[in-house]
Amino acid sequence: MSFSRDEIIETIRMVQAENLDIRTITLGVSLTDCQGESTAEVAEKIYRKLTRVADKLVPVAKELEAEFGIPIVNKRIAVTPIAIVAGSCREKDLTPIAKAMDRAAEELNIDFIGGFSALVQKGFTQGDIKLINSIPEALSSTERVCASVNVASSRAGINMDAVYAMGHIIKKTAELTAARDGIGCAKLVVFANAVEDNPFMAGAYHGPGEAEATVNIGISGPGVVNTVVRRLGEGADFGELAEAVKRTAFKITRAGELIGREAARRLGASFGIIDLSLAPTPAAGDSIANILEAMGLERCGAPGTTAALMILNDAVKKGGAMAASYVGGLSGAFIPVSEDAGMIRAAEEGALSIEKLEAMTSVCSVGLDMIAIPGDTSPETIAAIIADEMAIGVVNKKTTAVRIIPAPGKKAGDSVEFGGLLGRAPVMPVSRFDSSVFVKRGGRIPPPIQSLVN
Amino acid sequence: MDILVTLDTIKNCSEKGVLKLPPGSLVTKEARIFAASRGIKIYVGDDLLKEPFPINSPPAKKAVISVIGEDRVGIIAGISDVLAKNNVNILDITQTSIEGLFTMIMVVDISRCAVSFEELKKFLEERGKDLDVRVDAQREEVFRFMHRI
């Protein structure tokens with residue numbers, strides 16, 4: 001036999017007992033040929049193009065799932081930032097375009113469609129302004145559309161006018177979706193250094209440098225890594241720990257590489273990248289927090305958590321980089337609170353605070369992710385939280401993001417339930433001290449110096 | 001004239017079977033692979049472009065079937081029966097039974113399988129249910145990719 005029994009059993013165990021899966025196949029589709037003079041015209045062109053180009057996405061994913069025996073959890077589409085596509089429309093409100101995207105997504109039976117986006121790190125075009133102003137209405141009147149706004153980059157600095165505006169946009173989005181605990185905000189990300197080929201939602205969009213249609217793959221497998229780390233026991237030193245994670249990451253990533261290449265071939269699209277991110281789900285055992293705890297921390301958030309996360313993140317990249325021909329996207333461990341059972345427990349027990357999460361984001365992707373905060377948090381405080389997170393990304397030349405939900409009517413200690421992959425979030429306390437004078441200064445924070453690196 | 005011909009150029013061209021391009025056209029490898037998969041022959045001037053060596057190896061001829069469950073009489077017979085009926089040849093088989101837990105792994109040749117892989121999988125799963133065991137079938141590449149560099 002060309003494989004040993006143990007190797008075959010290992011793979012089967014990974015899938016059946018440890019939640020190994022392909023987290024997402026995301027088809028990036030360029031919409032640059034869908035411009036027009038009115039939102040109705042653009043909406044119609046987008047709907048027609050998506051239903052034509054992506055009609056095989058879900059059937060192909062199902063075929064691959066059956067043939068290779070590895071579940072593919074999400075099938076998604078990322079499109080050219082709508083601010084670019086719709087810049088020429090005469091109307092101010094771009095909600096009809098979001099609705100057309102939603103309709104196409106529903107018809108194609110995909111989970112999420114990303115790209116209701118604008119890139120404003122240096123300034124706003126007419127399209128950017130229209131898009132940002134349309135976000136609350138667009139997210140509250142659609143189910144599957146995801147929005148993102150890039151407000152900062154290491155080369156441009158931080159657009160504080162955009163940061164302050166996003167504080168208000170997030171509040172407004174939460175209010176419009178108050179009946180469902182502000183779920184609109186779970187589909188809205190504010191970025192520094194956003195990447196063009198990210199397959200993960202809510203931040204996926206199809207960058208201007210991408211091909212006509214591209215398949216990007218997000219891998220998964222916190223459960224598999226968790227089992228490996230636990231099996232090592234307390235005696236393993238950090239070299240051995242990193243080695244074990246690396247080996248496992250290699251295997252997980254190879255599964256993604258195989259499926260990605262095959263999906264691209266069958267869809268007649270370019271193969272883009274594998275995103276080497278360990279993405280958790282609310283399912284038991286599929287948690288990043290549990291891996292950190294398996295390394296020897298009583299709870300995620302305890303002193304040592306940042307170091308543990310750094311080891312995990314780096315080892316996953318090292319193992320994964322060898323396994324994939326093209327690596328890209330966000331490529332780092334995710335720490336979304338509501339989507340990770342271990343993070344939820346740590347937050348509920350008071351082991352994990354927003355401040356600790358912020359520190360953790362400096363060593364992993366992607367940022368303050370899926371965090372519920374009290375509904376009465378001011379737009380200024382939200383903007384200041386965003387500014388802090390953007391600063392970490394800009395200085396460290398990495399992607400960071402904020403996906404935060406000011407849950408209407410809730411206070412610290414309450415809980416919000418989004419259901420499905422978005423999970424359940426404990427409402428975490430936010431500093432009561434005021435930052436409004438700071439965030440209202442406006443203008444752009446200059447980019448950091450690129451030498452003098454200490 | 002197109003200097004550069006990409007995958008999308010081929011996708012959007014209406015010609016079937018043969019695509020004639022002017023001399024000097026540059027055709028990306030991705031475009032050539034796509035054309036080959038659609039059975040389109042590309043001529044640059046008078047020269048026929050060679051089909052590229054595919055990035056992916058040709059579709060699998062082998063699959064791995066795994067059976068896990070409580071040991072009982074007739075498991076191998078039952079599974080082999082499904083395979084024989086569908087013209088699937090068993091290349092290798094290994095089985096153990098430790099403390100009543102039965103595991104069997106088969107490597108089979110599916111190149112002459114009478115039904116589609118999905119259907120074969122369905123038949124195997126149904127037979128597994130009758131036998132009270134869990135049967136999985138996966139294409140062999142999964143294991144090759146995960147365990148071999």
Side-chain angles (χ1 to χ4, degrees), chain A residues 1-17 20 22 30 33 52-53 59 62-70 211-214 221 224 247-272 322-326, chain B residues 6-12 28-31 33-38 54-60 62-68 90-96 101 103-108 110 116-122 125 134-149:
Chain A
M1 197 180 288
S2 40
F3 312 100
S4 76
R5 232 181 90 76
D6 291 345
E7 286 170 336
I8 291 175
I9 296 208
E10 184 186 7
T11 298
I12 293 169
R13 195 195 59 227
M14 282 180 176
V15 174
Q16 291 182 2
L20 171 66
I22 303 297
S30 166
D33 54 352
R52 177 169 55 83
V53 174
K62 291 210 165 123
E63 256 170 53
L64 295 173
E65 213 169 28
E67 283 179 31
F68 295 111
I70 295 176
E212 181 70 23
T214 308
V224 181
R247 282 172 182 276
T248 312
F250 176 86
K251 291 175 187 169
I252 299 171
T253 310
R254 287 300 277 176
E257 171 84 6
L258 172 66
I259 291 199
R261 285 189 200 176
E262 196 59 27
R265 195 178 65 79
R266 293 187 192 185
L267 289 168
S270 304
F271 175 48
M322 168 88 183
S325 40
Y326 301 99
Chain B
T6 64
L7 189 156
D8 292 287
T9 323
I10 311 268
K11 229 177 172 176
N12 295 328
T28 63
K29 182 165 181 185
E30 218 171 45
I33 293 173
F34 181 77
S37 74
R38 299 287 154 101
I55 297 179
N56 287 332
S57 45
K62 290 187 205 168
V64 174
I65 296 173
S66 59
V67 181
I68 299 172
I90 299 172
L91 301 172
D92 200 341
I93 177 165
T94 150
Q95 66 126 349
T96 50
L101 183 74
T103 59
M104 174 178 77
I105 291 160
M106 277 178 178
V107 178
V108 298
I110 51 169
S116 75
F117 190 71
E118 275 173 61
E119 278 175 291
L120 180 67
K121 242 179 109 129
K122 207 176 73 202
E125 271 163 28
R134 178 168 181 159
V135 188
D136 262 299
Q138 287 164 278
R139 276 171 51 172
E140 185 221 26
E141 289 110 306
V142 179
F143 304 96
R144 183 151 47 81
F145 259 70
M146 286 178 78
H147 299 288
R148 295 287 176 272
I149 292 178

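Sequence lines set the chain letters: A, B, ... in the order given, protein chains first and strands last, and positions in each chain run from 1. Just so it is clear, the structure is predicted and the values come from calculations on it, not from any experiment.
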Top contributor to chain A contacts, counting heavy-atom pairs under 4.5 Å, from B/Leu120, B/Thr96, B/Ile10: B/Thr96
Side chains of B/His147 and A/Ser4, donor plus acceptor under 3.5 Å: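 Result is no, nothing qualifies.
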Interchain contact, [X] with chain A, by part (heavy-atom threshold 4.5 Å):
X: B/Phe143; result: both
X: B/Thr6; result: neither
X: B/Val142; result: both

Validation row: B/Arg134, A/Ile12 side chains within 4.5 angstrom (heavy atoms): no
Student check: side-chain heavy atoms of B/Arg148 and A/Glu7 closer than 4.5 Å: yes
Atom CZ of A/Arg247: over 12 foreign heavy atoms under 6.0 Å: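 Atom CZ in A/Arg247 is not crowded, with 12 or fewer foreign heavy atoms closer than 6.0 Å.
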I need the [X] [atom1] to [Y] [atom2] distance, nearest 0.5 Å.
X: A/Thr248; Y: B/Met146; atom1: OG1; atom2: CE; value: 9.5 Å
X: A/Leu64; Y: B/Arg139; atom1: CG; atom2: CZ; value: 8.0 Å
X: B/Asp136; Y: A/Ile8; atom1: CG; atom2: CD1; value: 12.0 Å
X: B/Phe145; Y: A/Thr253; atom1: CZ; atom2: OG1; value: 12.5 Å

Salt bridge (charged side-chain N to carboxylate O under 4.0 Å, His left out) against B/Asp8, all qualifying residues, sequence neighbours excluded: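 Counting only residues at least two positions away or on another chain, B/Asp8 forms no salt bridge (charged side-chain N to carboxylate O under 4.0 Å, His left out).
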Given a strict heavy-atom distance threshold of 4.5 Å, which part of [X] is in contact with chain B: side chain, backbone, both, or neither?
X: A/Gln16; result: side chain
X: A/Phe250; result: side chain
X: A/Leu20; result: side chain
X: A/Ala264; result: neither

Stepwise side-chain contact (heavy atoms from CB on, under 4.5 Å) check, B/Lys11 with A/Glu212: CA-CA 11 Å; B/Lys11 229 177 172 176; A/Glu212 181 70 23; over 6 Å; no
Greatest number of heavy atom pairs closer than 4.5 Å to chain B - which of A/Glu63, A/Lys251, A/Met14: A/Lys251
Choice from A/Ala255, A/Gly268, A/Ala269, A/Ser325 maximising heavy atom contacts with chain B below 4.5 Å: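 Highest number of heavy-atom pairs under 4.5 Å: A/Gly268.
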Partners meeting side-chain contact (heavy atoms from CB on, under 4.5 Å) with B/Leu101 (sequence neighbours left out):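 With neighbours one apart ignored, the set is B/Ile68.
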Distance-minimising heavy-atom pair for A/Ala66 and B/Glu118: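 Scanning both residues, the minimum pair turns out to be CB-CG, 3.8 Å.
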Heavy-atom pair with the smallest gap, counting every atom of A/Ser270 and B/Glu30: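 Closest approach of A/Ser270 to B/Glu30: OG-OE1, 3.0 Å.
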